[in-house]
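Here's the structure we're looking at; comments come further down.
Below, each value reflects all heavy atoms present in this structure, side chains not excepted, and no hydrogens, waters or symmetry copies.
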Amino acid sequence: MQWMGRRESSNTEEGGSGGGGRGLAFGGGIIGVIAAAIYFFTGIDPSQVLNQVQPGNSQQTEQIDTQPGGSVKDTPQRKFAKVVLADTEDIWAKLFNDMGKTYVDPKMVFFTDGVSTACGEASSQSGPFYCPGDQKVYIDVSFFDELQNRFQAAGDFAQAYVIAHEVGHHVQDLLGVTAKMDQARGQVSESEYNKLSVKLELQADFYAGVWAHYEQKVKNVLDPGDIEEALNAAHQIGDDRLQKEYQGSVTPDSFTHGTSAQRMYWFKKGYETGDVSQGNTFASADLE
């Protein structure tokens, strides 16, 4: 992806204390999905397993450098994330305008180790996630190292896909989908709610694909192989692949994010069509 020297979003901040509310966070990236899989399927503290995935490579932490006066100096990873966020702002503002709606930019919060949010406390083990309670995307950019080194999802556009997926959850929030998910909690069985969660995550994948469509059509900044990088990342975080790896078998009723094939399909559909109206995963007969 051609990103160097391009506009960086100013809608970013450093994570710190605050928040403290309750809410439902969405997303979680690869680490978050794996952590959830480990906990729900084995009851084991996921940090015990995640720290053993790649011996000698488990203590990667973003090195924080500061400017005179104490402000945080941007690393290339942060600058990249800001460029991707800026592009999502441009594209979704135009798409919302075409729908007769107003897009409200989310904030991106950079943090290290842990952070307090309107959805509760979170650690770096959560991976990137979106909190609708404060309409912020949270990311510890050392996750990008994990993405490549632990989970075989290399490439800058794999990273861009993760950010675009979390922004996709923000789009859902603005369109009222998140509120409907909140209403469903406690009103349906766990297995039924899991099915809704799968549809929610696949729709966020679709929206990430829509963004990628216009990233190329309007901005023309994709390099050969970029879409393949995103599709590989989508494949790596499929529930079926993770369950097979961490519990040795596949339990479809407990899926929360969708299979590798489903995640790749919906991202690709968004990329190929660029049509927001074709992303109603909740009405898809294939997901019943």
Side-chain angles (χ1 to χ4, degrees), residues 1 3-4 8-9 11-19 25-39 45-67 70-86 88 106-117 119-131 136-167 169 208 229-230 232-234 236-237 242 245-246 257:
M1 176 180 173
W3 65 273
M4 297 185 68
E8 300 174 16
S9 175
N11 290 310
T12 61
E13 58 188 55
E14 294 302 313
S17 60
F26 297 112
I30 289 178
I31 293 180
V33 177
I34 289 179
I38 295 170
Y39 178 76
D45 178 357
S47 64
Q48 297 177 13
V49 179
L50 290 171
N51 286 338
Q52 297 173 7
V53 174
Q54 286 286 346
N57 204 25
S58 62
Q59 300 299 320
Q60 290 180 338
T61 304
E62 182 192 8
Q63 297 300 308
I64 300 299
D65 196 4
T66 58
Q67 304 272 14
S71 61
V72 176
K73 188 180 295 184
D74 271 341
T75 63
Q77 289 175 323
R78 287 180 179 227
K79 292 176 75 67
F80 173 78
K82 289 181 178 182
V83 170
V84 173
L85 183 62
T88 65
K107 291 278 189 180
M108 177 178 284
V109 181
F110 295 113
F111 71 96
T112 302
D113 298 330
V115 66
S116 179
T117 82
C119 296
E121 303 295 320
S123 74
S124 294
Q125 297 287 5
S126 301
F129 64 93
Y130 173 74
C131 175
K136 295 179 180 180
V137 172
Y138 290 85
I139 183 169
D140 180 338
V141 295
S142 64
F143 164 78
F144 291 152
D145 295 326
E146 310 282 0
L147 189 65
Q148 174 175 330
N149 298 329
R150 286 184 174 180
F151 306 113
Q152 294 77 53
D156 56 11
F157 210 71
Q159 301 169 14
Y161 154 72
V162 171
I163 296 171
H165 174 93
E166 302 309 335
V167 173
H169 284 306
E229 290 175 1
N232 177 56
Q236 296 294 343
I237 57 178
L242 295 177
E245 180 175 351
Y246 286 98
H257 286 68

query = At what distance, to the nearest 0.5 angstrom, does CZ of F110 lie from CD of E13?
reply = 10.5 Å
Taking every non-hydrogen atom, the tightest pair across P106 and L85 = CG-CD1, 4.4 Å
key: Residue pair S142 / D140: nearest heavy atoms and the distance that separates them   = OG-OD1, 2.8 Å
request  = Starting at CD of Q77, measure out to CD1 of I139 and round the result to the nearest 0.5 Å.
outcome  = 8.5 Å
query = For E14 and V109, which heavy atoms make the closest approach, and how far apart are they?
reply = C-CG1, 4.0 Å
request  = Locate the shortest heavy-atom distance separating V84 from M1; write the atom from each residue and the value.
outcome  = CG2-CE, 4.1 Å
Test side chain to side chain contact (heavy atoms under 4.5 Å, CB included) applied to K136 and T117, step by step = CA-CA 9 Å; K136 295 179 180 180; T117 82; over 6 Å; no
note = By side chain to side chain contact (heavy atoms under 4.5 Å, CB included), A234 pairs with (sequence neighbours left out) Y161, R263, M264
ask   = Roughly how far, to the nearest 0.5 Å, is CZ of F157 from CD1 of I163?
value = 10.5 Å
request  = Could you tell me how the ring of Y138 sits relative to the ring of F129: parallel (under 30°), tilted (30 to 60°) or perpendicular (over 60°)?
outcome  = parallel
query = Measuring from W3:CH2 to D156:CG, what's the distance to the nearest 0.5 Å?
reply = 8.5 Å
key: Test salt bridge (Lys or Arg N to Asp or Glu O under 4.0 Å) applied to E229 - qualifying residues, sequence neighbours left out   = none
message = Please enumerate all residues that pass ring-ring contact (aromatic ring centres under 6.0 Å, His included) together with F144, with sequence neighbours excluded.
response = none
message = Tell me every residue that passes salt bridge (Lys or Arg N to Asp or Glu O under 4.0 Å) with K82, counting only those two or more places apart in sequence or in another chain.
response = D74
With sequence neighbours excluded, residues passing side chain to side chain donor-acceptor pair (under 3.5 Å) with S9 = E89
message = Looking at every non-hydrogen atom in both residues, tell me the closest pair between F111 and G15 and how far apart they are.
response = CB-CA, 4.3 Å
key: Closest non-hydrogen atom pair, A153 against N232   = CA-ND2, 3.5 Å
